[in-house]
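Notes follow once the structure below has been shown.
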Amino acid sequence: MIRIYNTLSKNKEMFKPIQEGQVNIYVCGMTVYDLCHIGHARVMVIFDMVRRWFDISGFQVNYIRNITDIDDKIISRSLQNNESIQSLTERYIDEMNADAKALGVISPSKEPKATEHIEDMISMIQILIAKQHAYVAKNGDVFYAVRSFDGYGKLSGKSIEDLRAGERVDVDQNKHDELDFVLWKSAKPNEPSWDSPWGKGRPGWHIECSAMSSHYLGHHFDIHGGGQDLQFPHHENEIAQSEAAHDCKMANYWMHNGFVRVDDEKMSKSLGNFFTIRTVLEKFDSEVVRFFILRAHYRSPLNYSDAHLDDAKIALQRLYVSLRGIEINHMEVDWNHPLAAKFKEAMDDDFNSPEAISILFELANEINKNKSLPVASLLKGLANMLGLLERDPEAFLKGDAKNSFDIDELISKRHKAKLNKDFKEADHIRSLLLENGVVLEDTPQGTIWRKE
RNA sequence: GGCGCGAUAGCAAAAUGGUUAUGCAGCGGCCUGCAAAGCCGUAGACGCCAGUUCGAUUCUGGCUCGCGCCUCCA
């Protein structure tokens, strides 16, 4: 049985699917106007882990991760770049997919774009207006009347009285109530727009997720996820829209992953303290990044630094070293193995990947002692479930960079020197290689090497 | 001001009402010409103050500190 920490109840709960053997997951994805940063990487990797684990646990997984391809920032970036919105968003969708692929993220079942579902949004807004949960303002904008929805605040634990709208940002004078949020924005000159019953305009941010989740997963589905910062107002507003429009619960379980931080501060665009996935991948192997993310619990904050990535790299190397030289051509995970059982227990308990990974190290220790093939295949099998250790150990340890010199030749030169007891020369060659990032290891079967 | 989360050894990071987390770094061995990798052993922890308990890092309350949300944000 899988247990999930549900933001709605602030408790771990047994996961019970709406439909036996099936799980419907909706995750808020990216707004595509720039390269993804490590915070985005975390969402992608975490929910990739979640959907993989459901899959392994025998569920039929329907995983939707949306793409926001129309919003203020996209519009301003397109003006700034003098680039069409479509070209801009398509470019960054490709970049995002490249990053996701590098991080071993399996494609969601469907990645719908907001602009492909304008009709769904319009009809949903019409329902909300008909039910008097929304109103058309003087300027043609459509707003959601927050006070018309009783459950407002149930996800984020806020009460309407405590919210301080306008404290930090000016309140739009067209709103009846300062807490109301926009469903439809009337078009300004030179902005992309769609026809609607309220004239030309474009959707507000929150409505897309309500519309797309119900389009693909139905009015009532199992899991809704996203970054912690979406909890309020985005997810709260989604609930208000969907539940008011459909008269039923939107999602049974709400999952939120913690932030990536830099020097104990949230990594964010506005603070400017972010690292793009692209930049990080120039310095670190993509699997190291994935390992780094999975090594912390998904709900905990994760501090980013080069030193922490280095640490993750060394740890991951240890796992690969244990598999080195063992031919695994058949992988079958025996859940009766005590460590496999512990792994499963950890993952079932709110996706405790750090605990699960600690078990991989216990297996590696076993392998290092006795080179056991079954244990090695168990290690690889379990790690693969997390999208780790999928590569050939030699390929990982040697890296794919071209070397400007012939390592094998130097190794054989060193071998000759060693036979002649010319240790000075042998050590010279070894340190020469080390200076170039190549570490030698003398084994009974001869000298092998790996990247530092 | 409101709401919420967290505080674990040098660093990172889990679990747990009484029993080794795990990785890196440290120390002592083994192996090696010396290393590296690996193995064995070892040290080191639960922010502070009360309470509950036979027993609390783990539960409860208070305090201190840090972080997040209340604006766009994964």
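Letters A, B, ... are given to chains in the order of the sequence lines, protein chains preceding strands, and every chain is numbered from 1. These numbers come from a predicted model, not from an experiment.
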Going by distance alone, is a donor N or O of one side chain under 3.5 Å from an acceptor N or O of the other, for H235(A) and H206(A)?
no
When you measure only distances, ignoring hydrogens and angles, does the side chain of D162(A) come within 3.5 Å of the base of rG1(B) through a donor and an acceptor?
no
If you take atom types as modelled and just measure distance, does the side chain of D264(A) reach the base of rG66(B) with a donor-acceptor pair under 3.5 Å?
no
Write down the partner of rG44(B) under the Watson-Crick or G-U wobble criteria, each distance required to be under 3.5 Å.
none
Between rA14(B) atom C1' and E345(A) atom CD, what is the distance in whole Å?
13 Å
Using atom CD1 of I359(A) as one end and atom C1' of rG23(B) as the other, report the distance to the nearest whole Å.
14 Å
Rounded to whole Å, how long is the line connecting atom NE2 of H297(A) with atom C1' of rC5(B)?
13 Å
Is there a donor and acceptor pair, one atom on the side chain of R430(A) and one on the base of rC34(B), closer than 3.5 Å?
yes
Could you check whether the side chain of K158(A) and the base of rC69(B) have a donor-acceptor pair of N or O atoms closer than 3.5 Å, going by distance alone?
yes
On a plain distance test, is the side chain of D229(A) in donor-acceptor contact with the base of rC70(B) below 3.5 Å?
no
Stepwise side chain to side chain donor-acceptor pair (under 3.5 Å) test for N174(A) and D172(A):
CA-CA 5 Å; N174(A) 293 295; D172(A) 185 333; 3.1 Å; yes
Separation of rC65(B) C1' from E265(A) CD (nearest whole Å)
16 Å
For the residue pair Y320(A) / E287(A), report whether a side-chain donor-acceptor contact shorter than 3.5 Å exists.
yes
Report the residue (K269(A) or N352(A)) whose heavy-atom-nearest nucleotide on RNA chain B is the more 5′ of the two.
N352(A)
